[in-house]
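Here the structure is laid out as structure tokens; the discussion comes afterwards.
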Amino acid sequence: MPDATLLDQVKDFANRANPYPVYAKLRENPVSRQDDGTEAGTWVASNHGAISSLLHDPRVSSETLPPADRPRTGNPLTDLIVKPLKDWMMDRHRVFIFRDPPDHDVLRASVMHQFSRERVQAMRARSERLVADLLDEKRGAREIDAVDDLAYPLPVTVICELFGVPREDEPKFHGWASQLATALEPDSLSDTEIRAANSRTFDAIGGYMADLIKEKRRHPQDDMLSGLANEATPTGAKMGDYDLIATSILMLVAGHETTVNLITNGLLTLLRHPDELERLRWDPGRAPRLIEELLRYEPPVQFRTRKTLSSIDIAGVTIPEGADLVLLLASGNRDAAMFPDPDRFDPDRAGIRHLGFGGSLHYCVGAPLARFEAEAALTALASRLKAPRLIEDPPPYRSGAALRGPEHLRVAIDGIA
Amino acid sequence: MAPGSTTERAVVVGAGLAALRGAEAMREAGFTGALAIVGAEPYRPYDRPPLSKHVLIGETRPDATTLPSSLGADVDWHLGSSAERLDRGSRTLHLADGRALPYDRLLIATGTRARPWPNPHEGRLAGVFTLRGRDDAAALRAALAAGPRRVLVIGGGFIGCEVASACRQLGLPVTLVEPSPTPLARVLGGTVGAFIGAIHAGRGVDLRCGSEVEWLEEAEGRFVRAHLTDGTRIEADVAVIALGAVRNTEWLDGSGLSADPGGVDCDAAGYVLDTDGQPDPRIAAAGDVARFPHPLYGGRRVALEHWSQAVAQGIHAGRLLAGANPEGPYGALPTFWSAQGDVVVKSVGLTEGADALAITLGEPGSGRFVAVYGQAGRCIAAVAVDSARWLPAHADLVAAGAPFPPDGAATDRPSKGIMVLAPGFP
């Protein structure tokens, strides 16, 4: 076992509440090789310039999922015929976050076509209503859990309504989503147990989606899944069923596992900066600025993985062909060359060019949703929570290092206005 | 007298983008003397790129293009009056309206004007337009909004392609006539030109390449049809002359400075040269009018009509004149963009002299691709069509003069094999 690398320290749960000192050490070498026992090693890009450059480099691939390899069952018929077929189908129809152009572009364009401005804007008012209702339910309480009471149910309801997933089926997604979200954690790519669990989950959610798609074909409604299932894409062709299943799973999982962290990190940061909470209470117009700074300061997605298709000279080093890359977005967001006094939370800073939504062709599809959901949640929390106090700081965190956020955020209050 | 001392007088000739950024840079670099800006048009500096795009389709008003500026009230604007003559002996700039402005520092940023139709009578007919300034754009916009039967665009360069695209966006029938075998052939070569031409043809532009307009026919003072050298006639109500630009240097005749219709010559630092090739340390030039030795292209003298160049070179020249010696010679990597309807063409580097071309990303047939231009085994330019996000990665290859063809690895390429083509310059 080699010594723990800085990347190991990033993954180490002990550093989950505050990974930023490790990121600062990584930034001493903007692009550095981290020993992972392989010859190529894993390369971490940690400053803003290197991350931006690699996000926009056509030699950097997002196809980091290893070939599908579902667990064997012992039944020779299944293992020799069904398994290879299923593995092949799964590889051909990966979710587009793990795909490169040109396939990625076609799938993404189809989604964006349905993710129309009108449809997204309609969810804005709906988010405000949902936040009001969720807080009304806690009236009279002297303690809330910001995660369970608001930050989780809000984005989940929004994404399910957008896609047309029936309300009563939504609870099924909780377990599915948290399981599939592990695919963004680097170690899960090589961990056979996690991969087997992900295969099983993908089958379960895929079966559910296949039925739902059939239903949307029989009875189309005004939702994204009906649109994707029935309407031609901008390029003319309709999306194939397997791509449609994979794509809707991607959107639903993303809707469950990311914005929750933005809202929770937001409230946590505001409670740690009471002056900012107070200013937001009196001036809700500050919210957009504050949320951009949050996306810089505590981004829900801390890093993304890639691999190189060719050797790449960058920041004085040469990353070899076929190397695994970690683009440490949250560290780029703390790069002093880009953001003076980077560890200060300051919504008034000029030019917040954060990497909170990634960048280039995989830039977060749901960014507008995340922004207004966070705005609705944080402005309501600021104005309605009476004398909010953190019960534990730091709060308990969920396991993920890439998708990082508190598991619970208990807040003592004197009531809800 | 020390540069920047409060009694010094600076004059900026021209009131476009390069002039504005140059004047701002002088102030930011600490020049506190008198500052005058001379502009032939009656407007404060405005942005030109929208004039051939959003203004024509009615999304932006022509007068909504004024550039934001950090200049304060301590600027003496001389607008609506062009420079007539430069007397370097007495260090005086004479204006067409008779005024004389003494100077200690002079920034030449007079830019270009549209090349007129060679037959002046035909060029003055109602319905015949050129496009360079805000007034031109307003007039052409009004003509397009009136719903002409057809628009004829003469010249398939960037402006011609943008105007033709705007017509299609408005749903107007449009014919584009270009003597070369494809649009954009002189700038991008016939190979890439053909790919872009196919995109426009697919959008409904009637392309007539390899032909020329011989004369414009009138009826009662209005343009009614054009006669082509191939014998065909095109019935149209509007003709847009898009034959490139002429640099505004006539006012320098007799000044002893080295200037001709191709530009005013500068040394590597940015100072303007006299006819003996000696720099005048009181005079710098920037923007479209400045012809300077580009360090990235072996010191070849170039004059570039690029927006980014007007900004960067304006700032460079302003700092130079303020005495805040910029670091090194001016030599920013040339960049350019052109929005042709929903197709954005972006480039880095200069394609001139390219002997080979490689498609490194995308599929030309799909309308999205990146092409890299090579000369003698080095990458000298890259052009992205509807793929602008990949251009910065290619800019590094061009800036470094990386070996051509470049390593073919890319996310949309299963193997590293890339196709090398002839660029097809006329």
Side-chain angles (χ1 to χ4, degrees), chain A residues 45 48-65 91-92 94 96-109 112-113 233-237 304-316 318-323 325 353 358-363, chain B residues 68 70 195 199 202-203 333 335 337 341-344 346-348 358-372 379 382-419:
Chain A
H48 197 281
I51 295 166
S52 303
S53 168
L54 291 167
L55 281 171
H56 291 86
D57 195 315
R59 298 167 294 182
V60 172
S61 169
S62 294
E63 307 213 337
T64 56
L65 281 187
D91 284 340
R92 258 184 73 86
R94 287 165 206 253
F96 69 74
I97 194 173
F98 292 117
R99 282 169 86 166
D100 286 340
D103 301 355
H104 160 275
D105 300 0
V106 174
L107 293 171
R108 183 175 167 120
M112 294 313 288
H113 183 63
T233 64
T235 49
R304 290 288 299 118
T305 54
R306 295 287 194 272
K307 69 179 188 197
T308 57
L309 298 178
S310 177
S311 68
I312 294 175
D313 295 328
I314 183 169
T318 300
I319 310 173
E321 180 176 338
L325 282 181
R353 293 178 59 191
S360 193
L361 74 168
H362 290 281
Y363 183 88
Chain B
S70 65
F195 296 142
I199 298 173
R203 302 271 195 288
L333 188 63
T335 63
W337 88 94
D342 57 355
V343 178
V344 175
K346 261 186 122 165
S347 76
V348 292
I359 305 296
T360 57
L361 267 174
E363 285 300 328
S366 73
R368 299 186 83 178
F369 62 95
V370 178
V372 175
C379 297
V383 173
V385 176
D386 199 13
S387 317
R389 77 159 58 92
W390 302 121
L391 206 56
H394 289 81
D396 294 344
L397 298 177
V398 173
F404 181 94
D407 176 355
T411 48
D412 70 339
R413 293 284 186 277
S415 74
K416 288 191 182 184
I418 55 174
M419 204 178 6

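Proteins come first, then strands; the chains are lettered A, B, ... in the order of their sequence lines, and each starts at number 1.
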*Side chain, backbone, both or neither: which part of A/L54 has a non-hydrogen atom closer than 4.5 Å to chain B?*
neither

*Over all atoms of both residues, closest heavy-atom pair of B/W390 and A/D57*: CZ3-C, 3.8 Å

*asked:* With salt bridge (Lys or Arg N to Asp or Glu O under 4.0 Å) as the rule and sequence neighbours excluded, what pairs involving residues 384-404 of chain B come up?
replied: B/R368-B/D386

*asked:* At under 4.5 Å between heavy atoms, what parts of residues 98-106 of chain A are in contact with chain B? List them by residue number.
replied: A/D100, A/P101, A/P102, A/D105

*Nearest heavy-atom neighbours spanning B/G367 and B/V385*: O-CG1, 3.5 Å

*Could you pull out the closest heavy-atom pair between B/V383 and B/S347, with the gap in Å?*
CG2-CB, 3.8 Å

*Could you grab the distance from atom SG of B/C379 to atom NE2 of B/H394, nearest 0.5 Å is fine?*
8.5 Å

_Minimum heavy-atom distance between B/V348 and B/L333, given as atom pair plus value_ = CB-CD2, 4.2 Å

